[in-house]
Amino acid sequence: MARVCQVTGKKPIVGNTVSHSNIKTKRRFLPNLQTKRFYFVEEDRWITLKVSSEAIRTINKNGLSSVLKEMKANGVKI
């Protein structure tokens, strides 16, 4: 499975590692992804999502049902 957040769509970005002598080499910045289980009360089941730490905070703030409704509107299969 790709390193992409299912809620926010965050994915790895490319940048440079800069040494003390200012030599630049390519590197990847990976998102802080967690595999997390959420209990979906409306359907009485557990849902496993691969989400970033920002997405976990969004789910805590807005609620799981509203986040899932928005994901379904964007065409993400759950």
Side-chain angles (χ1 to χ4, degrees):
M1 193 171 178
R3 290 188 174 121
V4 177
C5 176
Q6 290 180 301
V7 176
T8 61
K10 284 186 175 216
K11 54 188 175 185
I13 59 174
V14 179
N16 290 316
T17 298
V18 182
S19 68
H20 180 68
S21 62
N22 209 26
I23 297 172
K24 295 166 183 72
T25 55
K26 288 291 187 183
R27 62 161 290 185
R28 293 175 78 201
F29 290 94
L30 300 177
N32 184 10
L33 294 181
Q34 314 291 325
T35 302
K36 183 117 173 75
R37 289 176 68 210
F38 295 98
Y39 186 69
F40 192 35
V41 179
E42 284 79 11
E43 294 184 9
D44 193 36
R45 67 183 181 115
W46 288 92
I47 295 175
T48 302
L49 297 173
K50 194 171 195 178
V51 292
S52 62
S53 56
E54 180 187 341
I56 293 172
R57 295 182 68 204
T58 302
I59 291 171
N60 285 338
K61 181 179 178 181
N62 299 335
L64 182 62
S65 59
S66 66
V67 172
L68 288 178
K69 188 187 305 180
E70 185 178 320
M71 286 173 61
K72 287 179 184 177
N74 292 336
V76 178
K77 185 179 178 188
I78 300 164

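Scope of the values below: all heavy atoms of this structure, side chains included, with no hydrogens, waters or symmetry mates.
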All heavy atoms of Arg37 vs all of Trp46, minimum pair found to be NH2-CG, 3.1 Å
With sequence neighbours left out, what residues match Glu54 under salt bridge (charged side-chain N to carboxylate O under 4.0 Å, His left out)? Lys10
Just how far is it from atom CD of Glu43 to atom CG of Leu64, taken to the nearest 0.5 Å? 9.5 Å
Restricting to non-hydrogen atoms, name the atom on Pro12 and the atom on Arg28 that form the minimum distance, rounded to 0.1 Å. CG-NH2, 3.2 Å
Between Ser52 and Leu33, which heavy-atom pair has the shortest distance, and what is it? N-CD2, 3.8 Å
Between Gln6 (side chain) and Lys50 (backbone), is there a donor-acceptor pair under 3.5 Å? yes
Partners of Glu42 by side chain to side chain donor-acceptor pair (under 3.5 Å), sequence neighbours excluded? none
Audit row: Val18, Ile23, side-chain contact (heavy atoms from CB on, under 4.5 Å) steps and yes/no: CA-CA 6 Å; Val18 182; Ile23 297 172; over 6 Å; no
Between Lys72 and Asn74, does the side-chain hydrogen bond (donor to acceptor under 3.5 Å, both in side chains) criterion hold? Intermediate values first, please. CA-CA 5 Å; Lys72 287 179 184 177; Asn74 292 336; over 6 Å; no
Cluster check Ile56, Leu30: I/L/V/M/F/W/Y, side chain < 4.5 angstrom: no
A side-chain contact here means heavy atoms from C-beta on lying under 4.5 Å apart; do Ile47 and Leu68 qualify? yes
Minimum side-chain heavy-atom gap Val67-Val7 below 4.5 Å: yes
How long is the straight-line distance from CG of Asn16 back to CZ of Phe29, given to the nearest 0.5 Å? 8.0 Å
With a 4.5 Å heavy-atom cut-off, do Lys36 and Leu49 have their side chains touching? no
Do side-chain atoms of Ser66 reach the backbone of Gly63 as a donor and acceptor pair under 3.5 angstrom? yes
Are the side chains of Arg27 and Val14 in touch, meaning some heavy atoms are under 4.5 Å apart? no
